[in-house]
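Here's the structure we're looking at; comments come further down.
From a predicted model like this one, the values you see are computed outputs, not experimental measurements. Here is how names work: the chains are called A, B, and so on, in the same order as the sequence lines, proteins then strands, and each is numbered from 1.
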Number of protein chains: 2
Amino acid sequence: MDHVDKILAQWQQQRPDLNVAPMGTLGRLKRLNHVLMRAMEKTWAHYGLNESSFDVLATLRREGAPYALSPSDLMASTMVTSGTMTHRLQQLEKAGLIERVKNPDDGRGFLISLSGKGFALIDEAVAAHTETQARLVNGLSDKQRSQLDDLLKRLLAGLE
Amino acid sequence: MDHVDKILAQWQQQRPDLNVAPMGTLGRLKRLNHVLMRAMEKTWAHYGLNESSFDVLATLRREGAPYALSPSDLMASTMVTSGTMTHRLQQLEKAGLIERVKNPDDGRGFLISLSGKGFALIDEAVAAHTETQARLVNGLSDKQRSQLDDLLKRLLAGLE
DNA sequence: TCGATTTACCTTGATATCAAGTTATCCGGG
DNA sequence: CCCGGATAACTTGATATCAAGGTAAATCGA
């Protein structure tokens, strides 16, 4: 009987006509996401980062050498709008974690790359981050985690 | 090989020392949450609501008669700060969906209750919402959805 | 080759949120 | 009874985000 179960019981009482089973699942998903984000933010903060900045730096890092992408590529990878990405890149540039050069092949665009400092920082931060994540899924066995993975993937596949 | 798998493959290539399996699970959870929210927002918008306002009205509605809670109770239920709740309640009051009365038993506090209009609106909106949610979990069988439910619950239990 | 369309990115304006600080009220120990 | 600490809710200031609009450059069709 967790928090979500109590909500479902209330609805059952008030509106027995509703099918609330999906609400339970989606409610837990939302709540879990919230709790997980809160936990992961602590790790990011330890490196002076937040979800946004970590997201951008990690996207550049995992791309491999020369660790560079256009703002448009970053927008697509991180699912944010152009205004948001502009803002994020300004912050990161000011912090000296990325560098911005005009794209020689396209006068409209830029290439954003990791600075040396940005590379060093994200390489450390991502290691700590994966450790945090491992701790967060500790409540499940490997098999259960893998099962969860499969169900999430299946659900996501039908929606994207 | 979905979007998340590609990310994991990139990390595997770049940082084979990292254990990225948890990242896959948590990444899908985040992405799924994002996609689901987007979808549910459409239903809410159909009733002139958004996640925030729906959240408050639904919390009051499922509470049962007399459909009233203090701002503090609402804060606890919806996991937002006091400033945020103040703002939400202002909007809802302006829209005539809630009413605010001083708590007779506590001079510091208020009681927020659904107006007739608010009750009628949320009662319709929540029915549409549960239908949307049922559609969103269509990609899973009942058994799979229930399995997912169980795993999310287990994971959540270890963290809250 | 040239005009129309598309694309890349930035800018603007509005909104939602949070953290921290504030004020009024309540409550419990002396 | 009163005073100090706790609590309820609002206010303030900062920030992140989005949607919509703008500008410059690229591309495509005739």
Review item, nucleotides 13-16 of chain D N/O atoms under 3.5 Å of protein N/O:
unit_1, atom_1, unit_2, atom_2, d
D/dA16, OP2, A/His87, NE2, 3.4

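Straight-line distance from the CG atom of B/Asp105 to the P atom of D/dT7: 18 Å, rounded to whole Å. Put simply, CG on A/Leu89 is 11 Å from C1' on C/dC10, counting in whole angstrom units. In this entry the distance linking CG of B/Leu74 with P of D/dT7 reads 19 Å, nearest Å.
Checked against ring pair (Phe, Tyr, Trp, His ring centres under 6.0 Å), A/Trp11 has no partners two or more places apart in sequence or in another chain.
Within 4.0 Å of B/Gly109, counting heavy atoms only, lie sugar-phosphate atoms of the nucleic acid but no base atom. B/Gln90 comes within 4.0 angstrom of sugar-phosphate atoms only, judged by non-hydrogen atoms across all strands, and of no base. Contacts of A/Gly107 with the nucleic acid, taken as non-hydrogen atoms under 4.0 Å apart, involve only primed sugar atoms and P, OP1 or OP2. Across all strands shown, B/Asn103 has no heavy atoms under 4.0 Å from either base or sugar-phosphate atoms.
In this structure, of D/dA20, D/dA25, D/dC18, it is D/dA20 that holds the atom nearest to the side chain of A/Ser82. The side chain of B/Thr86 sits closest to D/dC10 out of D/dC10, C/dC18, D/dA25. Here the nucleotide nearest the side chain of B/Thr81, chosen from C/dA19, D/dT11, C/dC26, is C/dA19.
Counting all heavy atoms, side chain and backbone alike, A/Leu60 lies closest to A/Ser113 at CD1-C, 4.4 Å.
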